[in-house]
2 protein chains.
Amino acid sequence: MKNQSYQDDVDIAAASLERMLSSFVALSPADVDRVRGWFHGPALVHPPGGSVSLHPERQDARVVARGWIARGAMLEDGRRQIVGLSLPGDVILAADAVDADMAVWALTDASTLDASLLWEAISESVDVSPRLLEAWRQVRSAERLRLARHVIRLGRLSAYERTAHLLLELYERQSRLGAAEPGVLHLPLTQDMLADILGLSAVHINRTLQQLRRAGLVDYRTGRAILPDLQGLALAAGLSIADDLADAPPSRD
Amino acid sequence: MKNQSYQDDVDIAAASLERMLSSFVALSPADVDRVRGWFHGPALVHPPGGSVSLHPERQDARVVARGWIARGAMLEDGRRQIVGLSLPGDVILAADAVDADMAVWALTDASTLDASLLWEAISESVDVSPRLLEAWRQVRSAERLRLARHVIRLGRLSAYERTAHLLLELYERQSRLGAAEPGVLHLPLTQDMLADILGLSAVHINRTLQQLRRAGLVDYRTGRAILPDLQGLALAAGLSIADDLADAPPSRD
DNA sequence: CGTCGGATTGAGTTAATTCAAAGAGTGTGG
DNA sequence: CCACACTCTTTGAATTAACTCAATCCGACG
């Protein structure tokens, strides 16, 4: 709630991105410094629902410091489809957002910083170590994989499977950054927003979450979800996201 | 039907890729030569349904010479979801295909060539002119945009809209390469395959195509579709893909 | 002429939707 | 501290889009 200073946001964003990069490829201290140097204020603050403008001009990019941001489409008749989520540390490239019916907007209170220096450095391969470049590529690759999975989710999974699948993905994403307590998913999304991600109605999301709760797989409350049985959830999702979670065996207390 | 020689396939693939690249950024003759130099035989021939193997090892990539290739998931229970299509001239990167439940397979008789030289050259920025690099980036960017649109299609469009939307996208893709006669879409897909792209059942695809025909928007036969009214089709798709088609004003004869 | 892989049709079923109303939780101002 | 307002969630009932299953049709090909 307290008003974060710009410098705080810079630090948070840089730290998050750095954690994300090094979760793929270990970075040298020099690389870490480089990452920090890429961002400057001022941070832009986005209220929930506020749109995040990226200029199609070359190399425009923003990094998320706080909050969750959606990329997707808002059709004229009110239908909405979220194509992807950007969490703190994620970089949103104008190239990915530019399209007639595509938009970027904040789902929660959020703030972003200019990251065009980063994008420029990486795309010109100037002042970037090979490891850093490789880490960045893997981040991008993971993004593409998420997009592909999103397609599969929407195309062929039932509401029940879809929901399980998404929650697992988000959990995996958060625990990769090391932030999450085991089994606890920070989830600042309303059921409306979940519906817009999963291509379902909010009402049906609600019923599906109840099913998942009855099955002992998910305990949802606005702001967070508890996933007491990751294995079971993976099973419910029907897809093999499970691999990465195998470390924590199903606790049967 | 006649057995294409390997050299033919190399030529075809290189020419298609070159046309695709230069549809975004005009290439110099030297660049064109460079593109041609990137591919060698032997071509791999893939029968319909045959899987295209890409080795996750660094930089593996294949270019499509003939036929249509699908990237997607085949679930254990037989459900199938196609995430993206690769047409002649398209490059399939191992990095995009690698995942537990992800696969790449031929939809028609197809042949592909090793393109790891290309991918290597581009990712190292060695022996690549800035224009060529820029063209490649735009190709990739167009791919990402298609993926995003696929998500929107599956998440929020009705069967009718979805089908119209996909046909338009394919048409736009083909006419960009200059190959298509106006209003004619080369479409070597069975209704089953369309179903696996659009996340619908084959039966429902059939009924939807009939609706579109009755509306005077699509005349489908295996192997090709005729789109007599692109404006109307764009309207039916509900999304503004229309822009690129504006050149041909609605003929009211 | 028979066969085989699509395509088409019909009938019954189901998953998810819409609409409408009511319940909870939280914050604000009196 | 209560009452109101607001947003989000929950529930019920009716509707619908899309699915499944099974039969039939059609066209290409040997």
Side-chain angles (χ1 to χ4, degrees), chain A residues 1 47-50 68 75 77-81 106-109 153-166 187-215 218-226 236 238, chain B residues 1 47-50 68 75 77-81 106-109 153-166 187-215 218-226 236 238:
Chain A
M1 290 310 158
W68 287 33
L75 311 198
D77 59 359
R79 284 179 291 182
R80 229 191 301 272
Q81 177 62 48
L107 295 174
T108 67
D109 271 306
R153 232 178 347 235
L154 294 174
R156 285 300 184 212
L157 300 196
S158 69
Y160 188 78
E161 294 168 314
R162 261 185 239 191
T163 309
H165 194 263
L166 175 70
L187 187 68
L189 303 179
T190 65
Q191 297 185 9
D192 270 296
M193 295 169 187
L194 285 173
D196 287 335
I197 297 170
L198 292 174
L200 298 165
S201 71
V203 170
H204 201 240
I205 287 285
N206 182 289
R207 295 184 164 126
T208 304
L209 285 172
Q210 291 178 52
Q211 272 187 271
L212 285 165
R213 181 163 40 67
R214 270 182 250 117
V218 175
D219 175 27
Y220 167 91
R221 281 219 295 279
T222 320
R224 62 117 252 248
I226 294 179
Chain B
M1 288 316 159
W68 287 33
L75 312 200
D77 59 359
R79 284 181 290 182
R80 230 192 301 273
Q81 177 62 48
L107 295 174
T108 69
D109 271 307
R153 233 178 347 234
L154 294 173
R156 283 302 184 210
L157 300 197
S158 70
Y160 188 79
E161 294 168 316
R162 259 184 239 193
T163 309
H165 193 265
L166 175 70
L187 187 68
L189 303 179
T190 65
Q191 297 185 6
D192 272 295
M193 295 168 187
L194 285 174
D196 287 336
I197 297 170
L198 292 173
L200 298 166
S201 70
V203 170
H204 202 241
I205 287 284
N206 183 291
R207 296 187 161 122
T208 305
L209 285 171
Q210 290 179 51
Q211 271 187 272
L212 285 165
R213 181 162 41 67
R214 270 182 251 116
V218 175
D219 175 28
Y220 168 91
R221 282 220 295 280
T222 321
R224 61 117 253 248
I226 294 180

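Side chains included, hydrogens not; waters and symmetry mates left out as well; all remaining heavy atoms used. Letters A, B, ... mirror the listed sequences (proteins, then strands); counts begin at 1.
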- Message: Could you report the tightest heavy-atom contact between A/Leu189 and A/Tyr220, atom names first, then the distance?
- Response: O-OH, 2.9 Å

- Message: Using side-chain heavy atoms (C-beta onward) and a distance below 4.5 Å, is B/Asp109 in contact with B/Pro48?
- Response: yes

- Is any side-chain heavy atom of B/Leu194 less than 4.5 Å from a side-chain heavy atom of B/Leu166? yes

- Close residues, residues 187-197 of chain A, relative to DNA chain C [heavy-atom separation under 4.0 Å]: none

- Message: Suppose we screen for salt bridge (Lys or Arg N to Asp or Glu O under 4.0 Å). Which residues come up paired with B/Arg156, at least two apart in sequence or across chains?
- Response: A/Asp196

- Task: Write down the distance between CZ (A/Arg214) and C1' (D/dT10), rounded to a whole number of angstrom.
- Result: 12 Å

- Which atoms form the tightest heavy-atom contact between A/Gln191 and A/Asn206, and what is the distance? OE1-ND2, 3.0 Å

- Where chain B begins and ends its contact with DNA chain C, read 5' to 3' at 4.0 Å from heavy atoms: C/dG6 to C/dA11

- Query: Taking A/Arg153 for the side chain and A/Arg162 for the main chain, is one N or O donor matched with an acceptor at less than 3.5 Å?
  - Reply: no

- Message: When you measure from the side-chain N and O atoms of A/Tyr220 to the phosphate of D/dT9, is any distance below 4.0 Å, counting only OP1 and OP2?
- Response: yes

- Quick one: closest heavy-atom pair of B/Ala195 and B/Ser201, and the distance? CB-C, 3.7 Å

- So which heavy atom on B/Met193 is nearest to which on B/Pro188, and how close? SD-O, 4.5 Å

- Message: Please report the distance, rounded to the nearest Å, between CD in A/Gln211 and C1' in D/dT11.
- Response: 15 Å

- Phosphate OP1/OP2 of D/dT10: any A/Asn206 side-chain N/O under 4.0 Å: yes

- Note on the structure: Whether each nucleotide of nucleotides 19-30 of chain D has a protein heavy atom under 4.0 Å at its base (B), only at its sugar-phosphate (S) or at neither (-) is summarised, 5' to 3', as SBB---------

- Residues two or more places apart in sequence or in another chain: which of them pass side-chain hydrogen bond (donor to acceptor under 3.5 Å, both in side chains) with A/Asp192? none

- Which residues share a side-chain hydrogen bond (donor to acceptor under 3.5 Å, both in side chains) with A/Arg79, sequence neighbours left out: A/Asp77, B/Glu161

